[in-house]
Amino acid sequence: MTHALISKRDTMTHDLFARMREQVLIALRAIVPDLPDDIAARVEVTPNRDPAHGDMATNAAMVSAKAARQAPAKIAAGLVTYLGEAPDVAEASAAGPGFVNITLDPSAYRALIPVILRTGEHYGNSTTGAGIKVNVEYVSANPTGPMHIGHCRGAVVGDALANLLAKAGFEVTKEYYINDAGNQVTALAWAAYWRYLQAIGTPLSEEEFSDEIPGGLQYRGEYLIPVGNALAANHGTSLATNELGVAAPDIWIELVRSTTIDMMMTEIHTDLAQLGVQQQIFSSERALVASGAADTTIDRLAADGLIYEGVLEPPKGKTPDDWEPRPQTLFRSTQFGDDVDRPLRKSDGSNTYFANDIAYHADKLDRGYDILIDVLGADHGGYVPRMRAAVKALSGGTKKFEAVLCQIVHILRGGVPVRMSKRAGTYVTLSDLLDEVGKDAVRFTMLTRNADAQMEFDLDKVLATTRENPVFYVQYAHARIRSVLRAAAEILTPESITETALADADLESLQAEPELALMRRLSAWPRTAEGAALAREPHRIAFFLYDLASDFHMLWNRGKDDATLRFLQKDRPAETLARLALIAATAVTIRSGLAVMGVTPVEEMR
RNA sequence: GCGCCCUUAGCUCAGUUGGAUAGAGCAACAGCCUUCUAAGCUGUGGGUCGGUGGUUCGAGUCCACCAGGGCGCGCCA
C-alpha cells in the first residue's frame with residue numbers, strides 16, 4: 001500500500017483547508033495565549049457556500065470568545081490582521097457574528113495542480129487513521145443460494161467504505177462471514193439431497209419427499225440441480241436406499257452439506273468477483289462452532305460475572321401464543337446499554353446464533369482490530385446494541401463496534417416495480433443484474449444514496465446517457481478530458497502532455513472564474529474524502545464527483561461560446577499546457593474518487 | 001407497548017457533523033450546435049426544512065413532546 005508512504009507533512013500540503021487551519025491556530029494562539037486545547041479542537045476552516053464571502057471561513061473567533069473573555073469581533077479583527085500577512089492569503093475580513101473570511105491567492109490553487117498530477121490517484125489520501133486497524137465485514141450472505149439484489153447494496157457499500165477507510169490511512173481488512181452452520185444449512189442439505197435423488201431417478205414425487213423429511217422441502221430453486229448432478233456423478237446411488245429413496249441422514253448429510261456449501265460459495269465468489277468485490281478473509285461459522293469458541297467466550301464473560309441463568313419477560317405488544325417462561329443462559333448486555341439481557345443458550349442448552357456471533361467478534365478482537373464495522377441489512381438494526389454491548393464487555397471498552405445499516409433497494413424498470421418472489425423463482429439474481437447493467441453502473445448507483453435511506457434502483461435510468469444519471473455524467477467528464485488530451489497529443493507531442501510533463505507547466509494564465517471554481521473543487525477533495533471516511537458515508541464521494549463533473553462540463557462548454565476559451569489553442573502553447581494541466585488534474589481526481597467506489601473510469605464514450 | 005431509522009421545492013435526493021441569503025437533478029418556461037463529444041451548457045420560476053416548544057452569538061442539523069412512514073422486539077439466522 002503505497003499510500004502508507006505518504007507522510008503527514010506531505011498530506012498537509014495536499015489539503016489547503018487543513019493547512020489554513022494551522023495558520024489560523026497560530027494566529028489565534030498569538031491573540032489568546034492560554035487557549036485551551038478543547039477550544040482549539042473546535043476551530044474549523046470550511047469552504048464557503050457563497051463565493052462572495054471568499055474561499056473559506058473560520059469560526060475561530062466565535063468558539064474562543066468565551067474562553068478568551070473577549071468579544072468575537074475583537075478576536076476576529078486580530079485574526080484578520082494576522083492572516084492578512086499569511087502566505088497564500090489574498091484577503092482576510094471579518095463578517096457576520098465573528099466569522100473570518102479568507103480569500104486565497106489564486107497562486108495557492110495553481111500550486112495544487114502539480115501536486116495532484118504528481119500524487120496521482122493517491123491525491124486525497126490522509127493519515128487520519130494511521131495505526132488504527134479496522135475490520136469491515138460485509139455481504140455475509142447465507143450460502144443457501146446465489147446472491148440476489150438484496151445482498152448487492154451491502155456488498156457495494158461495504159467495499160467502498162473499506163476502500164475509503166484505507167484512503168484515510170486506516171489499516172483495513174475486508175472480511176466475509178460464512179453462515180454455514182445452523183438449521184438453514186441443514187434444510188439446504190436436504191434440498192440438495194432431493195436434487196440428488198432426482199438425478200439418480202428416484203420414484204418419489206417432490207411432495208412425497210417433502211412430507212417425509214423434517215421441516216419439509218424449503219429450497220426448491222433450480223440452482224441446486226447441478227449440486228444433485230455432481231453428487232450423483234461422484235457417488236452413484238450409494239447415498240440412497242436400494243429403492244432410490246431417502247437413506248438415513250447420518251450416512252450422507254455431512255457429505256451433502258459440505259458439497260453444497262462448497263458449490264454455493266464458489267458461485268458466490270464468482271458473483272463477488274463480477275461485482276469487483278475481493279475480500280481478504282472468509283470466516284466459517286461452522287469451523288468456529290466446531291472449535292468450541294462459543295463456550296470459551298461464554299466462559300470468558302462468566303469470569304467477569306456477566307453471565308447468569310434467568311428467565312426473560314415475554315416481549316410486549318406481541319401476542320406470545322406459545323410463550324412460556326424457561327430458564328436460559330443470559331448475558332448481562334443491559335450493563336452495556338442494551339434494553340434487555342440476551343440469551344446465549346437456548347432452553348435445551350445449545351448455543352444461540354448470538355453466542356456464536358459473539359465468539360466470532362471475540363475472534364476478530366483477538367486478531368487485533370481496534371474497530372469492528374459490520375455492514376448489515378436494516379432488518380438487523382435490533383441486533384446492533386447487543387453486539388456493541390458484547391464488544392464493549394469483551395474488550396473492557398477499549399475497542400469499538402459499529403454497524404452500517406443498509407435500507408432496502410426497490411428495483412424498478414421504467415418506473416414500474418419489478419416483482420420479486422423467491423418462491424416463484426422470479427427474484428433478480430446479482431448475476432442477472434450485472435449482466436444487464438454492468439458492474440460500474442451498479443456500484444456507482446448503489447452509492448448515490450445514504451445507506452440508511454431507502455433507494456429506488458431503476459434499471460432503465462442507470463443506463464440513461466443524460467445528466468440525470470450520475471454514473472454517465474461523471475464518466476462523460478472523464479472521457480471528455482481524455483478525448484481532449486488525445487487531441488492535444490496530435491497538436492503537441494505525446495511526451496509533452498504526460499502528467500509528469502504537465503506538472504511543470506507554467507499555470508499563470510489560469511485566472512478565469514470557471515477555472516478557479518474547478519480548482520477550488522479540486523482542493524476540497526482531501527477534506528471530502530476524509531470527512532466521508534470518518535462519517536462512514538461513502539455516498540459523499542459520488543456527490544463530490546458529480547459536482548466536480550459539473551464544474552468541468554461548465555468549463556468545457558465555454559469553448560462553445562468563445563473559441564479562444566477552448567483548452568487547445570494552436571498558437572498559444574503555454575496557455576494550452578496550463579489548461580491541459582488543469583483538466584488532467586481533474587481527471588486524476590475523478591479517478592481517485594472512482595477508485596474508492598470501485599468503478600472503472602472510461603476513456604471514451606462512443 | 002418499547003427501541004432504532006426516516007420526513008427538506010410538484011417528483012427523486014444533497015446539505016461539508018451547529019454557521020451567513022437552505023442547494024442539485026427531473027418536470028415547466030426561455031436561450032446556446034460550421035466547433036476539443038450538444039450524451040453537453042446558460043438563465044427563470046418554484047420552500048412554514050412534518051408540527052410545537054427548548055438549548056445559544058447562531059438550529060434543516062442538538063434536546064423534549066406530538067403527527068405520519070419503515071424496520072425490529074426469548075428458545076430464527
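Below, chains carry the letters A, B, ... as their sequence lines are ordered, and counting in each starts from 1.
When the C1' atom is compared between B:A30 and B:C13, the two are found 26 Å apart, to the nearest whole Å. One P atom belongs to B:U55, the other to B:U12, and the distance between them is 36 Å to the nearest Å. Between B:G50 and B:G60, the distance separating the two P atoms is 10 Å to the nearest Å. Rounded to the nearest Å, the gap between the C1' atom of B:G45 and that of B:A9 is 11 Å. B:U21 and B:G47 have their C1' atoms separated by 13 Å, given to the nearest Å. Using C1' as the reference atom, B:U42 and B:C33 are 14 Å apart when rounded to the nearest Å. The C1' atoms of B:G15 and B:A67 are separated by 25 Å, rounded to the nearest whole Å. For the P atoms, the distance from B:C66 to B:A14 is 27 Å, rounded to whole Å.
In terms of phosphate contacts, A:R326 brings no side-chain nitrogen or oxygen within less than 4.0 Å of OP1 or OP2 of B:C75. Contact between the side-chain N/O atoms of A:R558 and the OP1/OP2 oxygens of B:C36 is not found at any separation under 4.0 Å. Residue A:K560 places at least one side-chain N or O closer than 4.0 Å to OP1 or OP2 of B:A38.
A:Y360 and A:E175 share a side-chain donor-acceptor pair at under 3.5 Å. A donor-acceptor pair shorter than 3.5 Å can be found between the side chains of A:H361 and A:D374. A donor-acceptor pair shorter than 3.5 Å cannot be found between the side chains of A:T528 and A:R540. Looking only at atom types and distance, the side chain of A:T589 has no donor-acceptor partner in the side chain of A:T586 under 3.5 Å away. Judged by distance alone, the side chains of A:Q184 and A:T144 never bring a donor and an acceptor atom under 3.5 Å apart. No side-chain N or O of A:T103 forms a donor-acceptor pair with one of A:D55 less than 3.5 Å apart.
Residues A:K346 and A:G559 each lie close to RNA chain B; by heavy-atom proximity, the contact nearer the 5' end of the strand is made by A:G559.
Between atom CZ of residue A:R527 and atom CG of residue A:L16 there is a gap of 11.0 Å, rounded to the nearest 0.5 Å.
Listed nucleotides B:A77, B:U42, B:G25 differ in distance to A:Y546; the shortest reach to its side chain belongs to B:G25. Of the candidate nucleotides B:C76, B:C36, B:A39, B:C36 has the atom lying nearest to any side-chain atom of A:L568. Closest to the A:T466 side chain, of the nucleotides B:A77, B:G74, B:G40, is B:G40.
A heavy-atom distance below 4.0 Å to RNA chain B is reached by these residues of residues 468-481 of chain A, ordered by number: A:E468, A:F472, A:Y473, A:Y476, A:A479, A:R480.
For the pair A:F457 CZ and B:U12 C1', the computed distance is 15 Å after rounding to whole Å. Per the geometry, CD belonging to A:E604 stands 15 Å off P belonging to B:A39, to the nearest Å. Regarding A:R386, its CZ atom lies at a distance of 8 Å from the C1' atom of B:C73, rounded to whole Å. Across the protein-nucleic acid pair, A:R342 atom CZ and B:A77 atom C1' stand 15 Å apart, rounded to whole Å. With rounding to whole Å, A:D562 atom CG is found 15 Å from B:C36 atom P. Rounded to an integer number of Å, the gap from NZ of A:K461 to C1' of B:A27 is 11 Å. Computed from coordinates, the A:H380 NE2 to B:C76 P distance equals 15 Å when rounded to whole Å. In this structure, CG of A:D341 is placed 16 Å from C1' of B:C75, rounded to the nearest angstrom.
Among residues two or more places apart in sequence or in another chain, the ring-ring contact (aromatic ring centres under 6.0 Å, His included) test is passed with A:Y138 by none. Evaluation of the ring-ring contact (aromatic ring centres under 6.0 Å, His included) rule for A:H151 yields A:H148 as partners, not counting sequence neighbours.
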Subject >> Pair pattern of RNA chain B in dot-bracket, where unpaired bases get dots and | marks partners in another strand, Watson-Crick or G-U under 3.5 angstrom >> reply: (((((((..((((.....[...)))).(((((.......))))).....(((((..]....))))))))))))....
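Ring-plane geometry between A:F331 and A:F336 is classed as parallel, the angle between the planes falling under 30 degrees on a 0 to 90 degree scale with a further cut at 60.
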Subject >> Sugar-phosphate or base contact per nucleotide [nucleotides 13-23 of chain B; S, B, -; heavy atom under 4.0 Å] >> reply: SSSBB-BB---
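Shown here, B:U37 is classed anti by the O4'-C1'-N9-C4 or O4'-C1'-N1-C2 angle, which is more than 90° from 0. B:C62 takes the anti form, because its glycosidic angle lies more than 90° either side of 0.
Between the A:D15 side chain and the A:P526 main chain, no donor and acceptor come within less than 3.5 Å of each other.
Checked against A:E515 for a salt bridge (Lys or Arg N to Asp or Glu O under 4.0 Å), the options A:R521, A:R579, A:R520 give a single hit: A:R579.
Residues A:V311 and A:R326 are not in side-chain contact: their nearest non-hydrogen atoms beyond the backbone lie 4.5 Å or more apart.
Within 4.0 Å of A:M605, counting heavy atoms only, lies at least one base atom of the nucleic acid.
For residues 445-484 of chain A, the ring pair (Phe, Tyr, Trp, His ring centres under 6.0 Å) pairs, not counting sequence neighbours, are A:F472-A:Y476, A:Y473-A:Y546, A:Y473-A:H553, A:Y476-A:H553.
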